[in-house]
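Below is one structure, written out as structure tokens; comments come after it.
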Amino acid sequence: MPGTERQATLVGAILAQRGRHRPGLVGEGFTRSHDEVFRAACARAALVTALLADRRRRHPDVRPHVGLLLDNTPEYVYWLQACALAGATAVGINPTRRGPDLRRDIQHTDCALVVTEAARRPLLDGLDLPMPVLDSDSPDYAALLADHLDAAAPALPPAPETRILLTFTSGSTGAPKAVICSQRRLARAGEKLCQMFGLTAEDTGYACMPLFHGNATMALWAPMLLAGGTVALRRSFSASHFLDDVRRYRAGYFTYVGRAVSYVLATDPRPDDAESPLRLGFGTEAGAVDADRFQRRFGCRLVEGYGSSEGGCNLRQDPAAPPGAVGRAGSGPGDDLAVVDPETGAECPRSRFDATGRLVNGAEAIGELVNRTARAGFEGYWRNPEAGAARTRDGWYWTGDLFHRDAEGWFRFAGRSADWLRVDSENLAVADIENILGRWDAAEAVAVYAVPDPVAGDQVMAAVQLRPGHSAGPADAPALAAALAEFLAAQPDLGTKMPPRFVRFVRTMPATATHKTAKAELRAARWSLSGDLVLWRPYGAARATSAGYRPLTAQDVEKLHARFAEHGRTELLSPER
């Protein structure tokens, strides 16, 4: 059957769809064959070529950028493939951005054309954009396409090094950067996952993560395209529809981020939860506790990977990995991964653990993960050479993420570079504390982060979203304080510096558009009393007794600020102060 063999290039995989009449794209109320998807992509490739012909004549060496302000709809997939065929660059526009920030993203990436839909079109009102905007739900759009419905694929396919994507970083730590991705790199990423997970034309991948981000584009759309399989689209992530969707579309593979997994686990259990076609999920930051819960409940293994939109460093996943390990080195030819001291560049000592599994030499073992192979596949940031140079300084690729590596070579994630905690002169990794707090049966979701100490260094703060059936009102504070302290006291791998000084009970964990925890928002709130219950251990209180935690009051906050002033650290006071 034509198209059943996996293709080596992105354009080759798109061309292989021609004449294949099995479902290639399914979703909420639609089914499109591979051939229909191919023809739709050809029509849009011809449309973008016609619309921007004058611009191409004036700037023959400049490839056009097409901004996609769309939910996970067929139009998004059509335009991804159209850009690949036409040698254009698809720019994933984050629909949660607003006003000046949204305008900045579109203009920063030099979009010559923006494609949107009726639901998202109002976001562009008043932005005074200088480029054409196509509303894919409008009659005008249908009329424009009508002249190209029978268009053939371009006679000269773009070279593999042609830029196919600009995908923004999540923006969880400052302004998002636009990561450059070539067709070659995207095809390599997809091929790697096809081989790793045995994906074939018989498989369906469930795309519930947003296509404007690399998670869905690189780890689901690309491998399913190369395998010749089916992509099942969910317009936007829905925990309540997750299980029904994977059953309806017979999806065996999906991608995730940790918050999405916790949302699914928060849905009401069903007796037949494990009766589904799901066999594998691939993603990041689910945590060992949630991964175990997910497998026991749904019969689906979650494979934790490590990688980034930048592509400079990836860890090879291995089913034999011990608990908590992300993987080993060896994901790419010539990769030379190491954990190094970010100040000196010296390789850190290997991590050691006691009988309980607690890391005993974190202060020396935790460092930044680097790839000492020059550039290591990183293709740069669009119009941001300074950020690119920071990533590739001294000929190495610096991930900005904290890891430690044990004697057998297993790497363990310890947090983002912004997640260093230094408590009483001891370095701590937030990931270790989050994994421990994640065991608390009352906790639905957990985030750990640093807040400043009035004297020096940091204090540990945690945000906790409670499971349904638990509440965190003023009347619940004594019982919560006792339950939390009892839980912490029972954890054998909780180091003496690890118990949180402050615990904020949030109604819903704040998240970025890509469903990552928005720790910047939590750090900014610090210990402010904004309607949430905040428990704390006053300085000098016992670390893990029922009397250790009590509600933080306005008077407590005043005393905290007085301590900052006393020690000359007023620049670290919370913003509302």
Side-chain angles (χ1 to χ4, degrees), residues 262 287 289 358-359 362 366 402 414-416 418-467 470 472 476-507 509-510 517-530 532-553 556-557 559-560 563 572 574:
S262 69
V289 173
R358 182 170 66 90
L359 178 66
I366 294 172
L402 307 177
R416 305 299 178 189
D419 287 341
W420 275 112
L421 291 103
R422 190 164 179 83
V423 179
D424 298 338
S425 299
E426 181 175 331
N427 291 330
L428 302 175
V430 298
D432 293 339
I433 306 173
E434 286 175 342
N435 286 336
I436 293 171
L437 284 174
R439 302 170 193 158
W440 189 22
D441 57 9
E444 180 65 47
V446 173
V448 172
Y449 46 98
V451 293
D453 180 83
V455 179
D458 304 314
Q459 288 293 330
V460 181
M461 187 163 187
V464 176
Q465 177 184 327
L466 293 172
R467 291 187 178 281
H470 297 268
D476 304 301
L480 275 176
L484 175 62
E486 181 181 2
F487 164 78
L488 293 174
Q491 306 311 304
D493 52 348
L494 186 73
T496 59
K497 310 293 185 185
M498 292 170 127
R501 174 72 62 182
F502 303 91
V503 181
R504 177 182 295 279
F505 291 91
V506 297
R507 294 173 179 83
M509 194 69 71
T517 301
K519 287 191 178 180
E521 183 177 331
L522 294 169
R523 291 189 191 97
R526 297 182 182 174
W527 44 75
S528 65
L529 301 174
S530 57
D532 297 326
L533 172 66
V534 178
L535 297 179
W536 80 308
R537 290 183 294 103
Y539 290 91
R543 287 187 181 273
T545 68
S546 59
Y549 286 101
R550 66 172 177 80
L552 183 73
T553 66
D556 293 328
V557 174
K559 291 178 181 178
L560 269 174
R563 285 174 65 93
L572 297 177
S574 49

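Note that these values count all heavy atoms, side chains included, but never hydrogens, waters or copies made by symmetry. Everything numeric here is computed off the predicted structure, so don't read it as measured data.
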| Donor-acceptor pair, side chain of Arg537 and main chain of Pro499, under 3.5 angstrom | yes
| How long is the gap from CG on Leu560 to CD on Gln459, to the nearest 0.5 Å? | 9.5 Å
| Which heavy-atom pair separates Lys519 from Val448 by the least distance, and what is that distance? | NZ-O, 3.0 Å
| note | When rounded to the nearest 0.5 Å, the distance separating CG of Asn435 from CG of Asp493 is 9.0 Å
| field | Heavy-atom pair of closest approach, residues Arg523 and Arg526 | value | O-CG, 2.7 Å
| field | Minimum heavy-atom distance between Pro538 and Gly548, given as atom pair plus value | value | CD-O, 3.7 Å
| field | Worked check of side-chain contact (heavy atoms from CB on, under 4.5 Å) between Leu437 and Phe487 | value | CA-CA 9 Å; Leu437 284 174; Phe487 164 78; 4.3 Å; yes
| request: Check whether any side-chain heavy atom of Ser262 lies under 4.5 Å from a side-chain heavy atom of Val446, and answer yes or no. | output: no
| said: Tell me whether Gln465 contacts the main-chain N or O of Met509 through its side chain, where contact means a donor paired with an acceptor under 3.5 Å. | reply: yes
| field | Value rounded to 0.5 Å, distance of CD in Glu486 from CH2 in Trp440 | value | 10.5 Å
| task | Report the distance from atom OG1 of Thr553 to atom CG of Leu529, rounding to the nearest 0.5 Å. | result | 7.5 Å
| Passes side-chain contact (heavy atoms from CB on, under 4.5 Å), Phe505 versus Val464? Steps please. | CA-CA 5 Å; Phe505 291 91; Val464 176; 4.1 Å; yes
| query | Relative to the ring of Trp536, is the ring of Phe502 parallel (under 30°), tilted (30 to 60°) or perpendicular (over 60°)? | reply | parallel
| Quick check: does any side chain N or O of Arg504 sit under 3.5 Å from a backbone N or O of Ser528, one acting as donor and the other as acceptor? | yes
| query | If you look at every heavy atom in Met461 and Val451, which pair is closest and at what distance? | reply | SD-CG1, 3.7 Å
| message | Quick one, Asp556 with Arg550, criterion salt bridge (Lys or Arg N to Asp or Glu O under 4.0 Å). Give me CA distance, side-chain angles, the key distance, then yes/no. | response | CA-CA 11 Å; Asp556 293 328; Arg550 66 172 177 80; 2.9 Å; yes
| message | Distance check, rounded to the nearest 0.5 Å: Asp458 atom CG versus Tyr449 atom OH? | response | 13.0 Å
| Could you walk me through whether Leu480 and Val503 pass the side-chain contact (heavy atoms from CB on, under 4.5 Å) check? | CA-CA 11 Å; Leu480 275 176; Val503 181; over 6 Å; no
| Are Leu535 and Pro551 close enough that some pair of their side-chain heavy atoms sits under 4.5 Å apart? | yes
| Which heavy-atom pair separates Ala447 from Leu522 by the least distance, and what is that distance? | CB-CD1, 3.9 Å
| Asp432 and Leu359: side-chain contact (heavy atoms from CB on, under 4.5 Å), yes or no, with the steps? | CA-CA 9 Å; Asp432 293 339; Leu359 178 66; 4.0 Å; yes
